[in-house]
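Report on the structure given below.
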Number of protein chains: 2
Amino acid sequence: MLSKKTKYGLKALAYIARREDDTPSQVGEIAKSERIPQKFLESILLTLRKAGILGSKKGKHGGYYLRKAPSEILMTEVMRVLEGPIAMVPCVSLNFYEKCDDCPDENLCSVHKLMIQVRDSTLNVFRNTTLEDLSGKVTGSDFIK
Amino acid sequence: MLSKKTKYGLKALAYIARREDDTPSQVGEIAKSERIPQKFLESILLTLRKAGILGSKKGKHGGYYLRKAPSEILMTEVMRVLEGPIAMVPCVSLNFYEKCDDCPDENLCSVHKLMIQVRDSTLNVFRNTTLEDLSGKVTGSDFIK
DNA sequence: ATTATTCCTATCGATTTAATAGGAATTACA
DNA sequence: TGTAATTCCTATTAAATCGATAGGAATAAT
């Protein structure tokens, strides 16, 4: 299950990506528009900033902005920051690998192969989706396709 | 993340599917072989029996057995019983649908489309994997492929 | 100075997870 | 007929996680 944290984070990022002008988006504004508890959103955006996805400006007229173009921000990156491992079990995780305490041998584990398949098919989606796709903004290149 | 319950359940099912003779598999035996806490496994197998995937025989020489051939048991069925929804959010779940309390309109939600893609790619794996595949037993038909 | 904002730490209640406890019901078999 | 072995059932527990809130420090614009 996707945590609320991740869901809210994705919605907030999409909101920021849709912004036309170059002013930073404020927590209160995003919270209201996307129906997210403000204090909760605050902590989520802080996480995204610490991970380098968002930048921030403090004080009056402050807020959050993207550090890269939406088309350069892959879902793999965002999901790993917000949700953690993409794999369903740590023993098939690329970025958060952990050995199982049961399982003497991973290669003999019946669950292992299945979970690798699930991981790869999910990765395939996240690797081919950017924040631009998520934002729903139509750009020129969409028509070329 | 896959729960221990699901992981243990899958391993136990694979164990039962590998059994050659027609005697039922006992909880104690499975628990020992697969390194699963016995009492925990007991409750898991009970769940699988109530869901119709396993049958059971009580008393001495009792145990659990499959109700269908391993090749007839799809991962979709097993996963839904053990883990619940396959989708990452209830609003894209086929069998456990629930509306989001945020989100005035699902079709406008930026997260929705992405989660449908993830669901479909995961479903594709589970629909094409049976307990026979999980068990690792080689059968004649494997060579035909 | 005042106001508006991000930043930080701590806390809280509710839920879920993983596991255990204890015994009732049932069956095989001596 | 009694004993051992097993599934079945309900309840409980400890720990972890989740979703959210509280309160204020730091910073910046005006």
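Per chain, numbering begins at 1; letters A, B, ... match sequence-line order.
Shown for residues 49-58 of chain B: residues whose heavy atoms fall under 4.0 angstrom of DNA chain C, namely B:Lys57, B:Lys58.
Distance CD/B:Glu106 to CD1/B:Ile116: 8.0 Å, rounded to 0.5 Å.
Closest heavy-atom contact between A:Leu10 and A:Leu82: N-CD1, 4.1 Å. Scanning all heavy atoms of the two residues, the minimum distance from A:Asn128 to A:Asp133 falls at O-OD2, 3.9 Å. Taking both residues in full, the closest heavy atoms of B:Ile30 and B:Ser25 are given as CD1-CB, 3.8 Å, listed atom of the first, atom of the second, then distance. Shown here for A:Leu2 and A:Glu83, the closest heavy-atom pair between the two residues is CA-OE2, 3.7 Å. Across all their heavy atoms, A:Asp101 and B:Arg35 have their closest contact at O-NH1, 3.5 Å.
No contact: B:Gly28 has no heavy atom under 4.0 Å from any strand.
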Tabulate atom names and distances for all N/O pairs under 3.5 angstrom spanning the protein and nucleotides 13-15 of chain D.
none

Is there any protein nitrogen or oxygen under 3.5 Å from a nitrogen or oxygen in nucleotides 18-22 of chain D, and what are the pairs?
residue: D:dG19; atom: OP1; partner: A:Lys4; partner atom: N; Å: 3.2
residue: D:dG19; atom: OP2; partner: A:Lys4; partner atom: N; Å: 3.3
residue: D:dA20; atom: OP2; partner: A:Tyr8; partner atom: OH; Å: 3.4

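Atom CG in A:Leu45 sits roughly 8 Å away from atom P in C:dT6 (whole-Å rounding). When rounded to the nearest whole Å, the span between CD of B:Gln26 and C1' of C:dA28 equals 12 Å. If you measure from atom CD1 of A:Ile30 to atom C1' of C:dT6, you get 12 Å, rounded to the nearest angstrom. In this structure, B:Ile44 places its CD1 atom 12 Å from P of C:dT17, rounding to the nearest Å.
Distances shown here put every side-chain N or O of B:Tyr65 at or beyond 4.0 Å from the OP1 or OP2 atom of D:dT7. Taking only side-chain nitrogens and oxygens, A:His61 never comes nearer than 4.0 Å to OP1 or OP2 of C:dT5.
Taking A:Lys68 as the reference, A:Glu77 meet the salt bridge (Lys or Arg N to Asp or Glu O under 4.0 Å) condition, with sequence neighbours excluded. Partners of A:Glu34 according to the salt bridge (Lys or Arg N to Asp or Glu O under 4.0 Å) rule, which considers only residues two or more places apart in sequence or in another chain, are A:Arg18.
No donor-acceptor contact under 3.5 angstrom links the side chains of A:Glu98 and A:Ser93, judged on distance only.
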Using atom types as modelled, flag every donor-acceptor pair under 3.5 Å from a side chain in residues 46-67 of chain A to any protein atom, sequence neighbours excluded.
residue: A:Thr47; atom: OG1; partner: A:Ser43; partner atom: O; Å: 3.0

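Taking only side-chain atoms of B:Lys60, from C-beta outward, the nucleotide of D:dA5, D:dC8, C:dT6 with the closest atom is D:dA5.
In this structure the side chain of B:Cys103 reaches within 4.5 angstrom of the side chain of B:Cys109, judged on heavy atoms.
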